**Q** 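What follows is a structure written as structure tokens; I'll ask about it next.
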Amino acid sequence: MKKMQLEICCGTTCYMLGANRLLNIENEMPSHLRSHAVVKASACLGLCGNRDLAGAPYVKLNGEVIGEATPEKIFSRMQALLEE
Ligand code: FES
């Protein structure tokens, strides 16, 4: 199975609105998800200028935007992708 690509936005807006809490997400990630994921930090994904800032922090999972990202929200979506 191809690994899921998780990009954590570390641009200023996202960082200030919670992405700082996501930088160590691999440490919290359940092992069955971690083994199927590649996590990387990203410069501004270009979403904060087009959308309501309340949507930050943003991440992309296989190119799909997840707003107001929390570990729980990200893990839930990763689990769903694994089950597809
Ligand atoms: S800082 Fe995250 S989308 Fe711009």
Side-chain angles (χ1 to χ4, degrees):
M1 175 186 208
K2 194 173 170 189
K3 291 201 175 203
M4 292 181 269
Q5 304 292 315
L6 178 63
E7 296 175 75
I8 311 291
C9 181
C10 292
T12 304
T13 301
C14 288
Y15 189 85
M16 296 301 287
L17 294 175
N20 57 321
R21 296 190 323 262
L22 302 174
L23 292 178
N24 293 320
I25 195 168
E26 281 182 284
N27 296 336
E28 298 177 49
M29 193 177 288
S31 59
H32 73 284
L33 295 178
R34 191 181 322 130
S35 62
H36 291 286
V38 174
V39 181
K40 69 176 185 180
S42 171
C44 174
L45 293 170
L47 300 165
C48 57
N50 302 331
R51 300 182 187 209
D52 186 348
L53 292 183
Y58 292 104
V59 303
K60 280 187 176 179
L61 180 60
N62 287 354
E64 172 188 329
V65 174
I66 299 175
E68 297 181 68
T70 61
E72 296 74 21
K73 200 169 181 180
I74 294 166
F75 299 156
S76 174
R77 187 64 190 126
M78 290 174 78
Q79 184 66 42
L81 286 177
L82 262 187
E83 294 171 2
E84 281 182 358

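Whatever order the structure lists them in is the order used to number ligands and atoms, beginning at 1. It should be emphasised that the depicted structure is a prediction, and the values quoted were computed from it without experimental measurement.
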**Q** Using a 4.0 Å cut-off to any heavy atom of Thr13, which atoms of ligand 1 qualify?
**A** 1 (S)
**Q** Counting C-beta onward and ignoring hydrogens, is there a side-chain heavy-atom pair between Cys10 and Leu23 closer than 4.5 Å?
**A**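 SC-SC contact between Cys10 and Leu23 confirmed.
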**Q** Under 4.0 Å from a heavy atom of Leu45: give me the atoms of ligand 1 that qualify, with their elements.
**A** 3 (S)
**Q** Answer yes or no as to whether an N/O/S atom of Cys14 is found below 2.8 Å from atom 2 (Fe) of ligand 1.
**A**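 Cys14 does place an N, O or S atom closer than 2.8 Å to atom 2 (Fe) of ligand 1.
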**Q** Is Glu28 close to Phe75 at the side-chain level, that is, under 4.5 Å between some pair of heavy atoms?
**A** yes
**Q** Give the contacting part of Cys48 toward ligand 1: side chain, backbone, both or neither, where contact means a heavy-atom distance below 4.0 Å.
**A**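 The part of Cys48 near ligand 1 is both the backbone and the side chain.
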**Q** Can you list the ligand 1 atoms lying under 4.0 Å from a non-hydrogen atom of Cys44?
**A** 1 (S), 3 (S), 4 (Fe)
**Q** Which atoms of ligand 1 are found less than 4.0 Å from any heavy atom of Cys9?
**A**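 Under 4.0 Å from Cys9, ligand 1 has these atoms: 1 (S), 2 (Fe), 3 (S).
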**Q** Whether the side chain of Asn62 engages the backbone of Gln5 through a donor-acceptor N/O pair (distance < 3.5 Å, no angle test) should be reported.
**A**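 Yes, because the side chain of Asn62 sits within donor-acceptor range (under 3.5 Å) of the backbone of Gln5.
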**Q** For the side chain of Lys73 and the backbone of Gly67, is there at least one donor-acceptor N/O pair under 3.5 Å apart?
**A**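 Looks like yes, one N/O pair under 3.5 Å.
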**Q** Could you walk me through whether Lys2 and His36 pass the side chain to side chain contact (heavy atoms under 4.5 Å, CB included) check?
**A** CA-CA 8 Å; Lys2 194 173 170 189; His36 291 286; over 6 Å; no
**Q** Hey, mind stepping through Arg34 and Asn27 against side chain to side chain contact (heavy atoms under 4.5 Å, CB included) and telling me if it holds?
**A** CA-CA 9 Å; Arg34 191 181 322 130; Asn27 296 336; over 6 Å; no
**Q** Touching ligand 1 at all, Gly46? Heavy atoms, strictly under 4.0 Å?
**A**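 Checking ligand 1 against Gly46, which is what was asked, there is a heavy-atom contact under 4.0 Å.
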**Q** Within ligand 1, which atoms have a heavy atom of Gly11 less than 4.0 Å away?
**A** 1 (S)
